[in-house]
Amino acid sequence: MKIALLGNPNTGKSSIFNLLTGLRQQVGNFPGVTVEKKSGFFTDNNQKFDIVDFPGTYSLDPRSLDEKVVSKVIGDPKNPDYPDLILAVVDASRLENNLFLFTQLYEFNIPMVLVLNMWDVAKKQGIQINLDKLKQLFPDITIVSTNARLGLGKERILNALNTVKTRDGNGFIGATPSSNEEINDKIKRQEAKVRKEKIEIVINQIQTKSNTSKQSRLDTFFVHPLWGYLFFLGVLLIMFQFIFSFAAYPMDFIDSSFGSFAYWMSNILPSGVLNDLVSEGIIPGVGGVVIFVPQIALLFFFIGILEETGYLSRVVFIMDRIMRPLGLNGKSVVPLMSSLACAIPGVMSARTISNWKERLITILIAPLMSCSARIPVYTLLIALVIPKGYLFGFINIQGIVLFGLYFLGIVGALVTALVLKLLIRSKSKGFMLLELPALKPPRWADVFTSVLEKVKIFIFDAGKIIVAISIVLWFLASYGPGNSINNARENIRRTADYQTADKEEKMNLESSAGLKHSYIGQLGQIIEPAIAPLGYDWKIGISLITSFAAREVFVGSLSTIYAVQDEGNEPTKLIDSMRKEKRANGSPTYSLAAGISLMVFYVFAMQCMSTVAIVKRETQSWKWPLTQFAFMGIMAYTFSWLTYFILA
Amino acid sequence: MQKRLSDCQLGEAIEVLSIEDDFMATKLIEMGMTEHLKTKIVLIAPLGDPIAIDIKGFTLSLRKSEAEKILVKKLSQS
C-alpha cells in the first residue's frame with residue numbers, strides 16, 4: 001500500500017515518518033524538480049507499506065515548488081506516487097490553522113487517516129478538542145491522536161492503517177483544489193475564504209478555547225538588536241570551533257587509512273595498469289569523497305539542532321533585512337557561514353530557501369567563501385612571500401594577510417550576489433511569509449536521521465562524479481603522449497643527482513620527472529603563456545590543474561614537482577625548494593607579486609570538483625555548476641592579473 | 001483608527017480590516033490570517049523589518065513590504 005504523508009511544516013510530520021520507518025528510508029528528488037523526496041517502508045501484519053514524506057506545505061495551491069509537487073501527485077491518479085492512502089498530520093495545539101490543508105486534502109476522494117499530533121502540547125495549553133464530534137463531522141476517515149515527539153502513537157497509527165475506511169464521496173466545500181496555475185487570484189482568494197469560514201464553524205463546534213502563542217522571554221532576547229546578533233555570533237564561533245577541532249581527527253584518520261589501503265592494494269595486485277588504476281586512481285578518489293564526511297556530519301548535526309529547536313528561524317528573522325538588498329534572504333546566512341568550513345554542506349543546506357532565485361544565488365556564491373581546504377594553500381604561500389613582522393608593533397602582518405584573503409572572498413561573494421540578482425530572472429515573487437515555530441528542545445533521533453540523510457546524499461550522489469573526475473585526473477597525471485614518461489624516467493636515472501640520492505629521493509625524482517612529461521605536465525606547459533601574465537610558470541600551472549581535485553592538492557603537487565618528501569603537513573622543506581626556484585632571468589619565481597597573485601587566484605577560483613558535483617546535484621543540471629566554474633575562473637584570472645600587474 | 005500593519009508598534013493589539021493583494025491574501029488565509037482576525041504584534045526585528053504577529057498559536061513573520069498591504073485597526077488593550 002502506498003501512503004502519502006502530508007501536513008503543514010512544524011507539525012512533527014518528520015518525527016512520525018521516522019517513528020514509522022526507523023532507518024528504512026531514503027532521500028531522493030521528485031522527478032525533474034529539486035524538491036526533496038523522502039521515502040521509506042515498514043511492515044505491519046505482513047503488509048508492506050511504502051510511505052512518502054512530502055514537503056510540509058500550508059495548502060495545495062501550486063505556488064511554490066513544494067506545493068506544486070504535492071498537488072501534482074495528489075491530483076493525478078496516474079502519477080507513480082499517487083497514494084492509496086493519505087496520512088494527514090496536524091498540530092492539535094494549532095488545529096484551526098492546520099485544518100486548511102487537511103480540508104483541501106479531504107476534497108479528494110482518497111482514503112485518509114488524520115493524525116492529531118502534539119496532543120500533549122494542546123492539553124498543556126488548556127485546549128480541549130472534542131474528538132468524538134470531529135469524528136462525527138468526518139465520518140469516512142479514521143482519526144487518531146499522537147505525540148510523536150515522545151515516540152507515542154505508533155500503535156494507534158498502525159491500527160488505523162489496518163482499518164482504513166472507504167470514502168463516501170463527500171468533500172468539505174466540494175471544490176477540489178486545482179493544480180491549474182492559471183486560475184486567477186481573485187477566484188482563489190474567494191475559495192480560500194469560503195473554506196476558512198467553514199473551518200471556523202467546525203472549530204467552534206469542537207474546540208472551546210483557541211490558542212494564542214505565548215512569546216517566550218528567550219524570543220525577545222534572540223531578536224534583540226544587540227544581544228540577538230551577539231548570541232548568533234557566539235553560536236557560530238562555537239560551531240566552527242567544534243567543526244575545525246573535531247573534524248580534523250577523523251579526517252586525518254581517513255586520510256591515512258586510505259593511504260595505507262592504497263599502499264596495501266598496490267602490493268597485493270600484480271603491477272600494471274589495473275594496479276595503478278586501483279591504488280592511484282580509485283582508492284584515493286573514494287578517499288577524497290569520504291574525507292569530507294566528518295565536516296558534513298558535524299555541520300548538519302549543529303544545523304539540525306538549530307533547526308529542531310526553532311532557533312534557526314529567529315536567525316532568519318534578524319538577518320533577512322540585512323541580506324535582502326543582495327538578492328539573498330535571511331535563510332542564506334547558514335549556507336554562507338557553513339561554506340567557511342566547506343562549501344559542500346553549505347550548498348546542501350541552501351535547500352531550506354524556498355525561493356528558487358534566492359537559493360540559486362546562495363548556491364552560486366557559497367564557494368567564494370574561503371573554505372578550510374584553502375588554508376593549507378594560504379599558509380604555505382603566506383609563509384613563503386609575506387615577511388614575518390608586526391605592523392605598529394602588535395599586528396601580525398602574516399595574520400593580516402590571511403584575514404585579508406577571507407575578507408576578499410566574502411566581499412567577492414556579496415558583490416557577485418548583487419550582480420547575479422540583476423542577471424537572473426525569476427517569476428516567483430519575493431514573498432517571505434515565515435512561520436516562527438515555538439522554541440523547544442531538539443528531538444535527537446530526528447537530528448541524527450537528518451545527519452545520516454545528508455551524508456548519504458553526498459556519498460552516493462556527489463561521490464559518483466567525484467570518483468569519475470579523480471580517475472580522469474589520475475589518468476592525465478600518469479600517462480603521457482607516446483613513451484615520454486618512460487623516457488623521462490630513464491633520463492633522470494642517468495643524472496649525477498640521481499646516482500647520489502637515497503632510495504626515497506630517487507623515487508621522488510622519478511615521479512617528478514614522470515609528472516612533468518604526463519598529459520597534465522604537457523597541459524601545464526601549454527597553458528604557460530596564458531598564466532604567465534599572472535606571474536606563474538608551467539610548474540604552478542600543473543598544480544593549478546591538479547588542484548581541481550581539491551585545493552589542498554596544490555601543496556602535494558608542488559611537492560611532487562619539486563621532488564621533495566611530503567612529510568605530513570610540514571611544508572618547511574617544500575618552502576625551501578620554492579624559495580630557491582628561479583625564473584629564466586634569475587629573479588625568484590615566488591616573488592611577492594606572484595605569491596599574492598596566486599593567493600588571490602585561490603580565493604576566487606572554483607578549484608573543487610566536489611563542489612561542482614554537489615551543485616550539479618542540487619540544481620539538477622550542468623548549467624549552473626558550469627556557469628559558476630566559468631565566472632569564478634574569470635574572476636580569479638582577472639583579479640590575479642590585476643594583482644600581479646600592480647605589484648610586479 | 002485605520003492604519004497599515006507596517007506602522008504598528010510592538011505589543012499593539014489590532015484587528016485586520018483588509019488585505020490589498022489577492023495573491024498574498026490567499027497565502028495569508030492559508031496560514032490562518034483572515035480579515036477580522038484580532039491579533040497582536042509579538043516581535044519586531046532589529047531594523048524594524050520583518051515583523052511577527054500571532055495567529056492563534058502560530059507566530060507568522062512578514063516582511064514590511066508585505067505588511068504594508070494589510071490595513072488594520074488598533075484595538076484598545078483589554
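Since this is a predicted model, take the numbers as computed values, not measurements. In what follows, every heavy atom counts, from backbone to side chain, and hydrogens, waters and symmetry copies are set aside. Per chain, numbering begins at 1; letters A, B, ... match sequence-line order.
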Practice problem: Measure across K56(B) and R94(A) and return the closest heavy-atom pair with its distance rounded to 0.1 Å. | Solution: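 Residues K56(B) and R94(A), closest heavy atoms: O-CG, 4.2 Å.
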Check whether any side-chain heavy atom of [X] lies under 4.5 Å from a side-chain heavy atom of [Y], and answer yes or no.
| X | Y | value |
| --- | --- | --- |
| D61(A) | K27(B) | yes |
| R63(B) | N329(A) | yes |
| M33(B) | L433(A) | no |
| E35(B) | K193(A) | yes |

Quiz item: Sequence neighbours excluded, which residues qualify as side chain to side chain contact (heavy atoms under 4.5 Å, CB included) partners of L414(A)?
Solution: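 Checked L414(A) against side chain to side chain contact (heavy atoms under 4.5 Å, CB included); matches are L326(A), I410(A).
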Distance in Å, [X] [atom1] paired with [Y] [atom2], rounded so as to fall on 0.5 Å steps:
| X | Y | atom1 | atom2 | value |
| --- | --- | --- | --- | --- |
| D49(B) | F317(A) | CG | CZ | 8.5 Å |
| R189(A) | M24(B) | CZ | CE | 9.0 Å |
| I318(A) | L47(B) | CD1 | CG | 10.0 Å |
| R195(A) | T26(B) | CZ | OG1 | 12.0 Å |
| T59(B) | L434(A) | OG1 | CG | 10.5 Å |

Quiz item: Between K196(A), R324(A), K186(A), which shows the greatest number of heavy-atom pairs under 4.5 Å with chain B?
Solution: R324(A)
Exercise. Side chain from CB out, backbone as N, CA, C, O: work out which of these in E197(A) comes under 4.5 Å of a heavy atom of chain B, or both, or neither.
Key: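 The answer is neither part of E197(A).
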Self-check item: Greater than 12 external heavy atoms within 6.0 Å of K74(B)'s NZ
Solution: no
Quiz item: Within a reach of under 6.0 Å around NZ of K440(A), are more than 12 heavy atoms found that belong to other residues, nucleotides or ligands?
Solution: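 Atom NZ in K440(A) is crowded, with more than 12 foreign heavy atoms closer than 6.0 Å.
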Quiz item: Is the backbone N or O of F58(B) less than 3.5 Å from a side-chain atom of N97(A), with the two atoms forming a donor-acceptor pair by type?
Solution: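 Not at all, since once roles are kept as given, no pair shorter than 3.5 Å links the two residues.
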Quiz prompt | For chain B, which residues of residues 222-231 of chain A have heavy atoms nearer than 4.5 angstrom | solution = V223(A), H224(A), P225(A), Y229(A)
Exercise. Count the heavy-atom pairs under 4.5 Å between each of L60(B), I29(B), I19(B) and chain A, then report the option with the highest count.
Key: I29(B)
